[in-house]
Amino acid sequence: MSSSGLQRRRGANKQSTPKPRSSSSFESDRNITNTVSSDHKIGYDDKDIKDRSELKTPLLTLMEEVLLMGLKDKEGYLSFWNDNISYALRGCILLELAFRNKISLVNDPARRRFELSDRLVEVIDAEPTGEVLLDEALKIMKGDESNLSVTNWIDLLSGETWNLMKINYQLKQVRERLAKGLVDKGILRTERKNFFLFDMATHPVADKLSKEYIKNRILSLLVTRTTDLDSVANDQFPKDTSFRYLRTISLVCGAYAANVLENVLMSLNYDKRDQAFARADEILADYSEFPFNLSHQSPLGVGLNLGQEVSTEIEKSSASELQLELVAAVLSVFARMDSIL
């Protein structure tokens, strides 16, 4: 993947010194405002305002967290033998858009005749998120006249398609752009290293504590008897984050599908590591179907309260069933990554 840099647009807004206003002008404005507010009523949807105000997003996106788990701390690059991460990152883009109430499955009763991954996706809110990759993917999806399936979109965004008419849907330099986003957020720094025949930009970890926070969230799901995300909350993933448990489940599944979960588990002994991988398998199986298998109790004796926490979270959230179904559909793609790649 090319590591060519991105050009940042710079613009300077011309500012003019405001002229002082007399008290009579302010009084006149106040009278006009009062007249307008008394003569005209503004219509609004209570649910729409409630949904927007309640949505709390963390500092890092799912894609950034998965990439960060794969990066070597000091070297600042991914394993050259990892073929899965590019495809998994595109799935994480769909998950992130679903958690931000931007996309959903098409509300068609006939969809249940198809596999989760073959169900169609639609954009329900095209307003920009402020994250460049998410907004680029959202624009592509909104601009497509047809509703494509979950698998179709992951294939197209990753370039894993033979459809030459839609080859321009591929998101380019995703890993490099995510890394530069993490540099802007203070998590990584940029260096240049010589690899015999060429120089390459690398991104060593600058804020190791932030990476440890993410690891602790993953371990909370995989090795502790009772999952408690409150105990591992921090500034980048606060307690009021929307879909905290489903986000962390998606992080575990995304890291597992991207072949970077082992990097998180290196600090565990062999038995604990095997148990953590087995638990990741269970979580992926439970949440890659819809409705989610919330009643499952792990025979490993870990995460015994996870199903109840997710159930409570769903009840309190504003997400529709179709959005949650979309989450399960992406995880079902992760569950069969070996047969796709």
With the 4.5 Å side-chain cut-off for hydrophobic clustering, are [X] and [Y] part of the same group?
| X | Y | result |
| --- | --- | --- |
| L306 | I218 | yes |
| L284 | I249 | yes |
| I187 | Y213 | no |
| V132 | V174 | no |
| I140 | L133 | yes |

Taking the side chain as every heavy atom from C-beta outward, state whether [X] and [Y] have any atom pair closer than 4.5 Å.
| X | Y | value |
| --- | --- | --- |
| C253 | I283 | yes |
| E131 | M63 | no |
| R119 | V106 | no |
| S295 | N293 | yes |
| V260 | N84 | no |
| L94 | I154 | yes |
| L304 | T226 | no |
| V302 | L221 | no |

Is there a donor-acceptor contact under 3.5 Å from the side chain of [X] to the main chain of [Y]?
| X | Y | answer |
| --- | --- | --- |
| S311 | G307 | no |
| E289 | A328 | no |
| N82 | A258 | yes |
| S242 | K56 | yes |
| K239 | L229 | no |
| K211 | L68 | yes |
| D73 | V205 | no |
| R177 | K172 | yes |
| R90 | L171 | yes |
| E64 | T61 | yes |

State the [atom1]-[atom2] distance between [X] and [Y], to the nearest 0.5 angstrom.
| X | Y | atom1 | atom2 | result |
| --- | --- | --- | --- | --- |
| L95 | L62 | CG | CG | 6.0 Å |
| N216 | N234 | CG | CG | 9.0 Å |
| L251 | L246 | CG | CG | 12.5 Å |
| N263 | L71 | CG | CG | 9.5 Å |
| L326 | L105 | CG | CG | 5.0 Å |
| L120 | N107 | CG | CG | 11.5 Å |

Verdict with reasoning, L134 to I93, per side-chain contact (heavy atoms from CB on, under 4.5 Å): CA-CA 7 Å; L134 291 180; I93 288 175; 4.1 Å; yes
Intermediate values then yes/no, side-chain contact (heavy atoms from CB on, under 4.5 Å), E160 and Q170: CA-CA 9 Å; E160 297 284 335; Q170 181 183 2; over 6 Å; no
If the condition is side-chain contact (heavy atoms from CB on, under 4.5 Å), which residues does [X] pass it with, not counting sequence neighbours?
| X | answer |
| --- | --- |
| N168 | none |
| S104 | I124, S320, L322, Q323 |
| R189 | E191, P204, A206 |

Full working for side-chain contact (heavy atoms from CB on, under 4.5 Å) between V150 and L116: CA-CA 8 Å; V150 174; L116 277 170; over 6 Å; no
Stepwise side-chain contact (heavy atoms from CB on, under 4.5 Å) check, D228 with N305: CA-CA 9 Å; D228 181 15; N305 65 323; 6.0 Å; no
Heavy-atom closest contact (L222 atom, A276 atom, distance): CD2-O, 3.8 Å
Which pairs with one or both residues in [range] pass ring-ring contact (aromatic ring centres under 6.0 Å, His included), sequence neighbours excluded?
| range | answer |
| --- | --- |
| residues 114-156 | W153-Y169 |
| residues 234-265 | F99-F243 |
| residues 284-316 | Y287-F292, F290-F292 |

Greater than 12 external heavy atoms within 6.0 Å of D230's CG: yes
E75 atom CD, over 12 foreign heavy atoms within 6.0 Å: yes
Candidate list N152, T161, D144, test side-chain hydrogen bond (donor to acceptor under 3.5 Å, both in side chains), partner K166, passing option: D144
side-chain hydrogen bond (donor to acceptor under 3.5 Å, both in side chains) partner of S298, chosen from Q275, E282, R225: E282
Residues T151, R336; criterion side-chain hydrogen bond (donor to acceptor under 3.5 Å, both in side chains); working and verdict: CA-CA 11 Å; T151 300; R336 57 186 182 88; 3.2 Å; yes
Audit row: D207, S210, side-chain hydrogen bond (donor to acceptor under 3.5 Å, both in side chains) steps and yes/no: CA-CA 6 Å; D207 184 358; S210 292; 2.6 Å; yes
Identified salt bridge (charged side-chain N to carboxylate O under 4.0 Å, His left out) partner of R247 from the options E96, E313, E65: E96
